[in-house]
Amino acid sequence: MDDWRSYDDVAETYERVHAPRFAEAARDLVDVLAIGEGQRVLDVGTGTGGGADEVARTRAKVVGIDRSLGMLSVGHRERPSLPVVAAEAIDLPFRDRTFDVVVGNFVFAHFTKVETALFDLTRVLVPGGRIGFTTWSDGKDAFQDTWTELIETVIPRDMLAPAFAAAAPGHDRFAQPQAIEEELRRAGFRHVRTERRRYQWTYPRDDLVEGLGTWAVGRFARNMLGEASWTSFLDRARNTFADRFPDPLNDFRDVILAVGALPG
C-alpha cells in the first residue's frame, strides 16, 4: 500500500515497542465491558492483535479487523490462533447482528467519518450489544515536545498539521470525554459512560524514540525523507534523547475508556 498513512512499514516496531504496553489499556476495557466466555466480539482496528488477545483470554470468540496488511501479517505470526480480516469499519464484511460486543483500542480518532463507522458497527451488533473504545486524552510532554522539535528541523511546521489531521482527524476532538459520549449517544447507544485512567509505561530510551516514529508525524516524515535520511534522522534523535533524558524512560499517558450499549 503506497500510502504514508499506512502502518505496514512500522508493524514490526509497533508490535515490539507498543503492543505489550497498550495491552494494559485493552485489558481494562475488556473488564469494563464485562466480556465473558462464549461472547462474539469484534476488535476494530486490531493492529497486530494485542487487544484481541486480551479479549481471547476471557474465552470469548473474537475477530480482529484492520486495513493494514502489514499489521495483520505480524499479528498472525505472533498470535496465529486469532482470526483476523482485512477490512475497514465503514464497510464491515459481516452480517447484521453478528456480534455481542465491539471494541476498538486507540482507533476512534482515526475514523475519517465517525458517523458512518458507528453506523456499520451498530449494524453488526445484536440488540443490547455493547461497544467500547480507548482514546488518548493527554497533552504534550517533554518527550513529545523534543520529538516535535526534531521533526521540525527536517519538515516545515506548516506541513505537519495537515498530515496529522489526515491520519488522525479526530485526535484533538476525541481527547475530550464529552465528544466521544456525544457521538455514541447520537449513534443510538445508551448507558454511555467514560472514565480517564493514567498509565505508566517504561521504555528503553532508544525504543521510545523508535516508537515515536510509528505515529502519524513520524510516518509522514519517513515518507518525505526517504529511508537513508530517515535512518540518519533517527540516529540524531537518539543522541538528543540521550542528552536530555535518563534510560529507561517512564512515559505517563492519560487514556479515556468509553463504553455504551444498544437498547435491548
Partners passing ring pair (Phe, Tyr, Trp, His ring centres under 6.0 Å) against His171 (at least two apart in sequence or in another chain): Phe164
Just jot down the ring pair (Phe, Tyr, Trp, His ring centres under 6.0 Å) partners of Phe220, sequence neighbours excluded, or say none. Trp4
Salt bridge (Lys or Arg N to Asp or Glu O under 4.0 Å) against Asp206, all qualifying residues, sequence neighbours excluded: none
Please list, chain by chain and in numerical order, all residues satisfying side chain to side chain donor-acceptor pair (under 3.5 Å) with Asp254, sequence neighbours excluded. Arg198
If you measure from [atom1] on [X] to [atom2] on [Y], what distance do you get to the nearest 0.5 Å?
{"X": "Leu150", "Y": "Ile155", "atom1": "CG", "atom2": "CD1", "result": "12.5 Å"}
{"X": "Gln144", "Y": "Asp141", "atom1": "CD", "atom2": "CG", "result": "4.5 Å"}
{"X": "Leu257", "Y": "Thr194", "atom1": "CG", "atom2": "OG1", "result": "9.5 Å"}

Residue pairs passing the ring-ring contact (aromatic ring centres under 6.0 Å, His included) test where at least one lies in [range], sequence neighbours excluded:
{"range": "residues 43-94", "answer": "Phe94-Phe99"}
{"range": "residues 116-135", "answer": "Phe108-Phe133"}
{"range": "residues 33-56", "answer": "none"}

Contact list for [range], test salt bridge (Lys or Arg N to Asp or Glu O under 4.0 Å), sequence neighbours left out:
{"range": "residues 239-249", "value": "Glu149-Arg244"}
{"range": "residues 29-51", "value": "Arg40-Asp100"}
{"range": "residues 126-135", "value": "none"}

Is a salt bridge present between [X] and [Y], judged by a nitrogen-to-oxygen distance below 4.0 Å?
{"X": "Asp9", "Y": "Arg222", "answer": "no"}
{"X": "Arg186", "Y": "Glu181", "answer": "no"}
{"X": "Arg173", "Y": "Glu182", "answer": "yes"}
{"X": "Arg77", "Y": "Glu12", "answer": "yes"}

Under the side chain to side chain contact (heavy atoms under 4.5 Å, CB included) test, residues paired with Pro156 that sit two or more places apart: Asp158, Met159
Examine the side chains of Arg236 and Thr153 and answer whether a donor and an acceptor come within less than 3.5 Å of each other. yes
Is it true that Ser68 and Asp66 share a donor-acceptor pair across their side chains at a distance under 3.5 Å? no
Ring pair (Phe, Tyr, Trp, His ring centres under 6.0 Å) with Phe106: of Phe111, Tyr7, Tyr14, Trp136, only one passes, and it is Trp136
Solution key, residues 18-29 side-chain donor-acceptor pairs under 3.5 Å, sequence neighbours excluded:
{"from": "His18", "atom 1": "NE2", "to": "Gly211", "atom 2": "O", "distance (Å)": "3.1"}
{"from": "His18", "atom 1": "NE2", "to": "Thr214", "atom 2": "OG1", "distance (Å)": "3.2"}
{"from": "Arg21", "atom 1": "NE", "to": "Thr202", "atom 2": "O", "distance (Å)": "3.0"}
{"from": "Arg21", "atom 1": "NH1", "to": "Val17", "atom 2": "O", "distance (Å)": "2.5"}
{"from": "Arg21", "atom 1": "NH2", "to": "Thr202", "atom 2": "O", "distance (Å)": "2.8"}
{"from": "Glu24", "atom 1": "OE1", "to": "Trp201", "atom 2": "NE1", "distance (Å)": "3.2"}
{"from": "Arg27", "atom 1": "NE", "to": "Glu54", "atom 2": "OE1", "distance (Å)": "3.0"}
{"from": "Asp28", "atom 1": "OD2", "to": "Arg197", "atom 2": "NH1", "distance (Å)": "3.3"}
{"from": "Asp28", "atom 1": "OD2", "to": "Tyr199", "atom 2": "OH", "distance (Å)": "2.6"}

